[in-house]
Amino acid sequence: MNFPVKRADHYDGRFPSFRKPSEIGFFSLDGERKFHNDNHQMKYISLPRSLKNVYMDLNAGYENAIRKDFGKKEKIDILLTWILFHQEKVKHTFHVPNSNKPQIDFVCFRGLLTTIGTTIYENKEDWLICATKFRSVIYLCAFDTEDHIHRRETATERDKQMSAWGYKFEQYLAVGM
């Protein structure tokens, strides 16, 4: 299904209310993207005390980097795995008391909501999202579009290197728990 999206200045409705997010759990993925029911991969930002002598070689280790296998289709399986491990916590957190009715509308990865929410501002990127409703909860899952697959498959070595720089920068600033 396709639908047109108008520019942001065409909308004059009230801004929706959002609840403050809160952490209810965590999981980790290792270098091989295997699920771990813990926070051993959690990191936090640690800024240098002084920027005078900061040197970050964003190419360091590039040739040995572990690259994501795009042939492996994870979808929202990892998120659903966490939910299965923590059914009681999820039920306690998101169900109406003394009822079997969930008090939640959507389940998806945070980045997917960003994609949808920024569409009225950034509408040059197409997206493909599957929505499945189960017991009044809508599960959203993103799929690669033909354009996204084409860009990835035709990426130059320079494109790949520049993409890796962001991950390397994150490595320099992130410290394990």
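Here, residue 1 is the first one in the sequence, and each next residue gets the next number.
- Residue pairs that meet the side-chain hydrogen bond (donor to acceptor under 3.5 Å, both in side chains) test with at least one member in residues 75-84, sequence neighbours left out, are Trp82-His86.
- Partners of Thr118 by side-chain hydrogen bond (donor to acceptor under 3.5 Å, both in side chains), not counting sequence neighbours: none found.
- Residues Leu80 and Phe134 fall within the same hydrophobic cluster, defined by Ile, Leu, Val, Met, Phe, Trp and Tyr side chains chained together at heavy-atom separations under 4.5 Å.
- Closest heavy-atom contact between Met42 and Ser28: N-OG, 4.5 Å.
- In the hydrophobic clustering, Leu173 connects to Ile45, Leu47, Leu51, Val54, Met56, Leu58, Met162, Trp165, Phe169, Tyr172, either directly or through intervening members, whenever side-chain heavy atoms lie under 4.5 Å apart.
- Every residue was checked against the side-chain contact (heavy atoms from CB on, under 4.5 Å) condition with Glu146, not counting sequence neighbours, and none meets it.
- With sequence neighbours excluded, the residues forming a side-chain contact (heavy atoms from CB on, under 4.5 Å) with Thr156 are Arg158, Asp159, listed by chain and number.
- Side chains of Tyr139 and Lys133 form no contact here, defined as non-hydrogen atoms less than 4.5 Å apart.
- Defined by atom type and a distance below 3.5 Å, a donor-acceptor pair is present between the side-chain atoms of His40 and Asp38.
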Below 3.5 Å, can you tabulate the donor-acceptor pairs from side chains in residues 107-117 to any protein atom, sequence neighbours excluded?
from	atom 1	to	atom 2	distance (Å)
Thr114	OG1	Arg110	O	3.4
Thr115	OG1	Gly111	O	3.1

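- Counting all heavy atoms, side chain and backbone alike, Asn59 lies closest to Gln161 at OD1-NE2, 2.6 Å.
- In this structure, Leu140 is not a member of the same hydrophobic cluster as Phe94, with clusters built from ILVMFWY side-chain heavy atoms closer than 4.5 Å.
- A distance of 12.5 Å separates CD1 of Ile83 from CZ of Phe85, quoted to the nearest 0.5 Å.
- Hydrophobic clustering of Ile, Leu, Val, Met, Phe, Trp and Tyr side chains at less than 4.5 Å, counting indirect connections, keeps Phe106 apart from Val90.
- Going from atom NE2 of His92 over to atom CD of Gln87 covers 15.5 Å, rounded to the nearest 0.5 Å.
- Contacts classified as salt bridge (Lys or Arg N to Asp or Glu O under 4.0 Å) and involving residues 45-57 (residues at least two apart or in different chains) are not found.
- The hydrophobic cluster containing Phe143, built from Ile/Leu/Val/Met/Phe/Trp/Tyr side-chain heavy atoms closer than 4.5 Å, also comprises Leu128.
- Residues passing the side-chain contact (heavy atoms from CB on, under 4.5 Å) test with Arg151 are Glu125, Asp147, His148, sequence neighbours excluded.
- Tyr167 shares a hydrophobic cluster with no other residue; no ILVMFWY side chain has heavy atoms under 4.5 Å from its own.
- At a threshold of 4.5 Å between side-chain heavy atoms, the hydrophobic network of Ile, Leu, Val, Met, Phe, Trp and Tyr places Ile78 and Val137 in one connected group.
- Counting only residues at least two apart or in different chains, salt bridge (Lys or Arg N to Asp or Glu O under 4.0 Å) contacts with residues 21-37 comprise Glu32-Lys34, Arg33-Glu74.
- Rounding to the nearest 0.5 Å places CH2 of Trp127 at 14.5 Å from CG of Asp144.
- Not counting sequence neighbours, the partners of His150 by the side-chain contact (heavy atoms from CB on, under 4.5 Å) test are Thr154.
- With hydrophobic clusters built from ILVMFWY side chains whose heavy atoms lie under 4.5 angstrom apart, Ile24 does not share a cluster with Phe26.
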